[in-house]
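What follows is one structure encoded as structure tokens, with my remarks underneath.
Each ligand, and each atom within it, is numbered from 1 in the order the structure gives. In this text, all values refer to a predicted model and were calculated from it rather than measured experimentally.
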Amino acid sequence: MTFIDTHCHLNDEKFSADLEEVVSRAEKFSVTRIINFGDTLESSAQVVRLAEKFGGMYAGVGVHPSEIENFDENKSVEKIVELAAHEKVVAIGEIGLDYYWEKDSAVRLAQQKIFIQQLDIARQLNLPVCIHDRDAHGDTLKILRSEGKNLRGVLHCYSGSLEIAREVWKMGWLIGVDGPVTFKNSAKLPEIVKAASREMILLETDAPYLAPMPNRGKRNEPSYLVAVAEKIAELRGETVEEVARYTTANAKKLYHID
Ligand code: NI
């Protein structure tokens, strides 16, 4: 039984003192592969370097909607394309829309434009996409419908409704499930996890954020992925081994990793 943590930020400074230990602890808990995502050009370069250093690590590169301030439609796009050429870059991400932190409509429009530009990169390079959607479900879906043709990907750390999840699945996109599924107040997520077909779920931690119970509030790390898998197994009446098997298969298929 092996797991893939499909969304992490192990380049975060919270791991600078003990990254090797974090990685070996993950391996001890059968989390043998980890995909780190950048959110700026700088952190995208960092996650590529991590993927060079660790055999089981892969990288996604892109600019997060909350980090678009200095995005240059020529230079930034060029840089992402350059980083994405690395053999261990398996995705464009995390990209998308964040209306929780951004209330200004002009900036929201800029987020949309830059999101679309990065979807174009993914299409050009034939890479899957990892999407950040916070309080922007309607516009995210609209953009994926109009601009997501010939693309595959995942709505990471899914926080929308079941209704929207069904639309996402219909388009062939997956949802990423992480720590919040274990929280007592995770109102909609358990129902969504129960309703999902096996092909439509990815496991992720989003470490260092969103540690699952019983470590909620602490620094998250890939070894905690098992707690997410256990909760999914409990909700769906499956064994953890089954959850490991199909979520690992889904991740390998989406991100073309073996
Ligand atoms: Ni993230």
Lys NZ or Arg CZ of Arg216 over Phe183 ring: under 6.0 Å, within 45° | yes
For Glu234, salt bridge (Lys or Arg N to Asp or Glu O under 4.0 Å) partners two or more places apart | Lys231
Backbone or side chain, does His7 get an N/O/S atom under 2.8 Å to the Ni ion (ligand 1)?
-> yes
Salt bridge (Lys or Arg N to Asp or Glu O under 4.0 Å) partners of residues 187-206, not counting sequence neighbours, each pair once | Glu191-Lys194, Arg198-Glu238, Arg198-Glu242
N, O or S atom of Glu94 closer to the Ni ion (ligand 1) than 2.8 Å | yes
Is His9 close enough that one of its N/O/S atoms sits under 2.8 Å from the Ni ion (ligand 1)?
-> yes
Which single N/O/S atom of Asp206 lies at minimum distance from the Ni ion (ligand 1)?
-> OD1
Quick one: sort the His7 and His156 rings into parallel, tilted or perpendicular, breaks at 30° and 60°.
-> parallel
